[in-house]
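All remarks here apply to the structure that follows.
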Amino acid sequence: MAGNWKMHFNIKESTHLANDLAKAVLGMDDREVVIAPVFTSLAAVTQAVSSSGIKVAAQNSFYKEKGAYTGEITNAMLKDTGCTYVILGHSERRTIFMEDDGLINLKIKAAINSGLDPIFCIGETKEEYDAGLTFNVIERQITLGLSGINSNKLSGLVLAYEPVWAIGTGLTATPEQAQDIHKLIRGLFKKKYNNEVAKNLRIIYGGSVKPSNIDQLMIQLDIDGVLVGGASLDVESFSRIAGFIKT
Ligand code: PEP
């Protein structure tokens with residue numbers, strides 16, 4: 001159950017929310033809760049949640065180990081703050097910062113090699129959805145994004161299916177629509193790798209997840225969790241999401 005705080009909150013605000021969240025998710029030991037603050041808050045947030053079981057993710061990283069790459073940050077520097085995950089391939093990185101499948105592949109490889117678990121985001125745009133290209137797009141993103149990565153390196157990977165048309169728009173794929181795509185994704189991993197990899201892969205859904213739709217999403221067989229933007233910025237709504245009720 002991952003919250004992507006995007007470009008919100010300074011150190012004081014992030015720490016405050018992290019502390020509140022740590023209290024709110026106390027006892028939720030059968031699920032993993034992850035929060036992704038901005039770079040400048042990573043160390044403080046990691047410290048704030050250290051005894052709570054909440055894990056921390058960075059929102060991006062670069063694939064080089066050091067050098068003249070103004071404005072970039074390495075996986076080792078991120079690990080140094082105490083975080084364990086890194087979100088890569090988010091649609092905002094793809095569309096606003098022009099990240100393509102090749103660059104995302106380099107970033108995923110570098111993150112895995114440094115010991116960070118990638119939360120690898122994929123998903124089709126509204127135009128691609130309308131044109132019936134959803135599966136072609138996600139197959140391409142998975143194939144190119146994970147190119148050259150051996151199946152024994154995939155145990156920590158989390159795959160986030162986020163239809164771009166559902167991100168921050170209030171539109172959500174229905175639980176059944178999301179389930180259908182997640183099932184296709186798991187099938188693709190079975191075909192590309194093996195049954196074991198497919199079975200163990202955590203496939204999470206993102207796109208306008210809210211307290212009002214979380215329970216229906218989480219009863220779907222192939223939905224293992226969610227990646228939440230807007231609704232993760234508020235302790236009440238995110239703790240309700242993290243505390244989903246499985247019926
Ligand atoms: C996201 O940006 O990953 C996301 C899912 O955002 P939202 O929940 O606001 O749609």
Side-chain angles (χ1 to χ4, degrees), residues 1-9 13-14 17 21 25 31-39 41-42 45 54-61 83 85-99 101 104 107-108 111 116-126 128-129 134 137-138 141-142 145 157-175 177-179 181-182 185 202-218 220 222-244:
M1 314 304 288
N4 174 10
W5 292 356
K6 308 194 183 185
M7 201 172 70
H8 293 284
F9 305 140
E13 292 159 341
S14 307
L17 179 55
L21 198 62
V25 304
R31 57 205 66 189
E32 187 172 58
V33 179
V34 179
I35 47 180
V38 295
F39 290 141
S41 295
L42 281 171
V45 165
I54 295 177
K55 303 253 178 76
V56 179
Q59 296 177 22
N60 186 24
S61 65
C83 71
Y85 284 103
V86 57
I87 298 173
L88 294 171
H90 191 278
S91 66
E92 286 149 18
R93 300 295 321 171
R94 292 178 189 262
T95 54
I96 304 170
F97 301 99
M98 308 299 162
E99 293 195 10
D101 295 313
I104 293 161
K107 290 186 173 198
I108 293 174
L116 280 181
D117 289 332
I119 300 174
F120 171 31
C121 304
I122 59 166
E124 80 286 4
T125 62
K126 176 84 170 67
E128 291 161 342
Y129 173 77
T134 299
V137 171
I138 62 178
Q141 290 173 335
I142 290 171
L157 183 96
V158 177
L159 202 287
Y161 169 59
E162 301 203 294
V164 180
W165 48 270
I167 295 181
T169 59
L171 298 171
T172 324
T174 64
Q177 271 176 321
Q179 162 59 23
I181 302 298
H182 282 223
I185 292 170
R202 289 173 294 171
I203 310 176
I204 66 177
Y205 169 79
S208 300
V209 174
K210 305 180 267 285
S212 58
N213 58 24
I214 186 64
D215 296 337
Q216 281 307 308
L217 286 162
M218 289 305 296
Q220 305 299 322
D222 290 290
I223 299 184
D224 302 316
V226 285
L227 180 55
V228 187
S232 72
L233 302 177
D234 171 74
V235 68
E236 224 170 278
S237 64
F238 189 57
S239 58
R240 172 63 185 88
I241 290 169
F244 69 90

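Heavy-atom basis, side chains included; hydrogens, waters and symmetry copies ignored. Atoms within each ligand, like the ligands themselves, are counted from 1 in listed order.
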Sub-3.5 Å N/O-N/O distance, [X] and ligand 1:
| X | result |
| --- | --- |
| T169 | no |
| G229 | yes |
| G230 | yes |

So, does [X] sit close enough to ligand 1 that a heavy atom of it is under 4.0 Å from the ligand?
| X | value |
| --- | --- |
| A166 | yes |
| K6 | yes |
| A231 | no |

Practice item. Could you list all the salt bridge (charged side-chain N to carboxylate O under 4.0 Å, His left out) pairs where at least one residue sits in residues 224-240, not counting sequence neighbours? Key: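 Found R186-D224, D215-R240.
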Are any non-hydrogen side-chain atoms of [X] and [Y] less than 4.5 angstrom apart?
| X | Y | result |
| --- | --- | --- |
| I119 | N4 | no |
| W5 | L17 | yes |
| V164 | K126 | no |
| R94 | D101 | yes |
| E32 | Y85 | yes |

Practice item. Could you list the atoms of ligand 1 found under 4.0 angstrom from a heavy atom of G207? Key: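 Taking each heavy atom of G207 in turn, ligand 1 has 5 (C), 10 (O) under 4.0 Å.
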Review point. Going by the order shown, which atoms of ligand 1 are within less than 4.0 Å of some heavy atom of G168?
Key: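 Checking each atom against G168, I get 7 (P), 9 (O), 10 (O).
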Review point. Which residue holds the protein heavy atom closest to atom 5 (C) of ligand 1, what is that atom called, and what is the gap in Å?
Key: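 For atom 5 (C) of ligand 1, the nearest protein heavy atom is E162 OE2, 3.0 Å.
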Check your understanding: Which residue holds the protein heavy atom closest to atom 1 (C) of ligand 1, what is that atom called, and what is the gap in Å?
Key ->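 The closest heavy atom on the protein side is H90 NE2, 3.2 Å.
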Practice item. Could you list the residues that satisfy ring pair (Phe, Tyr, Trp, His ring centres under 6.0 Å) with Y129, not counting sequence neighbours? Key: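 With sequence neighbours excluded, Y129 shows a ring pair (Phe, Tyr, Trp, His ring centres under 6.0 Å) to W165, given in chain and number order.
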